[in-house]
Number of protein chains: 2
Amino acid sequence: MASLGDLERSVMDLLWDSAEPLTANDLRDALAACGTDAKELAVTTVLTVLARLEKKGLVARERSTRPHRYTASSSREDHTVGLLNDALGTAQDREAVLARFIGGISAEEAVSLRAILDSVKTV
Amino acid sequence: MASLGDLERSVMDLLWDSAEPLTANDLRDALAACGTDAKELAVTTVLTVLARLEKKGLVARERSTRPHRYTASSSREDHTVGLLNDALGTAQDREAVLARFIGGISAEEAVSLRAILDSVKTV
DNA sequence: CCGATATTTCTACATGACGTAAAAGTATCG
DNA sequence: CGATACTTTTACGTCATGTAGAAATATCGG
């Protein structure tokens, strides 16, 4: 899978958080506003990044409307799960890794994890 | 954390699988042998990669012995756990991700996961 | 239908990571 | 001490990414 650069990441975050599709200008404005970055990017820069994200299959674009509108093609969670599986894919003994991973999570999360496992089992 | 290139990855795999520290020559030979690569790398190439891995904190080198000897500074599992946490770190709602992730693992793994969780809880 | 304006595509460049290795420097052994 | 082994330095090509100007294209008001 493709890991994201900083700007790509910011754009994806905005797209993931938006219910509506966004235009390049929307994104440029949002990028300027968010964080303490305050750096006004050129729209072409945003468009370049969007094109790359589209090529990576992470965003879909509506070419029908004139200012093209972009949406994330999968949810943030799905993307993160993909990353998790990528990381795990390189491991031979998944169980050892999972054991160590779970050893490091908080007690609360352990509880909810257990709940999740229960529901999976029921199915 | 630092993700690894292909050669870096191969070198780490060899170091992780070796009980003994390895020299650059050991690694070059092992790389030539392993897989269907069959490409004889220059020792300097291996040394460069080792230096980079050392800078990344992934390998430690014994400078006392004359052919320096290299070891992985952490286990493969720890490294993978690090990757998992990196991936999860970018997620706001860890639980949603974990839920979806667990939904995708095999039934067997779900069972062993449950066992792991139990042992964690006991502690 | 035309020109001004908005939008997109093309092209370009800098930087950094990575694979790759020759050249040069340094230690070691006989 | 000289040959040999090993390490460090330097270097180059490629690819991903941030960044954006130039050029092409569409759209809107008149």
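A, B, ... follow the sequence lines: proteins, then strands. Residue 1 opens every chain.
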Check: A:Glu8 and A:Lys56 side chains under 4.5 Å, non-hydrogen atoms: yes
A:Leu50 side chain reached by A:Arg61 side chain, heavy atoms, under 4.5 Å: no
Interatomic distance, A:Asp6 CG vs C:dT15 C1' [rounded to whole Å]: 13 Å
Beyond-backbone contact of B:Val81 with A:Val97, side-chain heavy atoms, under 4.5 angstrom: yes
Distance below 4.0 Å between B:Asn25 side-chain N/O and D:dC6 OP1 or OP2: yes
Touch class at under 4.0 angstrom, heavy-atom based, for B:Leu7 against every strand present: sugar-phosphate
Of the listed nucleotides C:dT20, D:dG18, D:dA20, the one nearest the side chain of B:Thr45: C:dT20
For atom CG of B:Leu27 and atom P of C:dT20, their distance in whole Å: 14 Å
Non-hydrogen side-chain atoms of A:Leu53 and A:Leu4 separated by less than 4.5 Å: yes
Review item, nucleotides 10-16 of chain D N/O atoms under 3.5 Å of protein N/O:
none

Pair listing, salt bridge (Lys or Arg N to Asp or Glu O under 4.0 Å) test, anchored in residues 24-35 of chain B, at least two apart: none
B:Arg69 CZ - D:dT7 C1' separation (whole Å): 17 Å
Nearest-Å distance for atom pair NZ/P, residues A:Lys55 and D:dG18: 14 Å
Integer-rounded Å distance: D:dC6 P and B:Arg63 CZ: 16 Å
Between C1' of D:dT8 and CZ of B:Arg61, the distance in whole Å: 9 Å
Phosphate OP1/OP2 of D:dC6: any B:His68 side-chain N/O under 4.0 Å: no
Inter-residue atom distance B:Arg94.CZ - B:Phe101.CZ, 0.5 Å rounding: 12.5 Å
CG-CG distance between A:Asp86 and B:Leu83, expressed to the nearest 0.5 angstrom: 10.0 Å
Donor-acceptor contact present, side-chain B:Thr23 to main-chain B:His68, <3.5 Å: no
Note, A:Trp16 side chain near A:Leu58 side chain (heavy atom, < 4.5 Å): no
Lys/Arg-Asp/Glu bridge criterion (N-O < 4.0 Å) met for B:Asp118, B:Arg114: no
Atom-to-atom span, CG of B:Leu4 to P of C:dG16 - whole angstrom: 20 Å
Length of the CG-C1' vector between B:Asp26 and D:dA5, whole Å: 14 Å
B:Arg28 side chain near D:dC6 phosphate (N/O to OP1/OP2, under 4.0 Å): no
Shortest side-chain distance from A:Leu41, nucleotide among C:dT8, D:dG18, D:dA20: D:dA20
Nucleic acid footprint by protein, nucleotides 24-30 of chain D - heavy-atom cut-off 4.0 Å, B for base, S for sugar-phosphate alone: -BSS---
Residue A:Pro67, side-chain heavy atoms: nucleotide from D:dT19, C:dT7, C:dT9 that is nearest: C:dT7
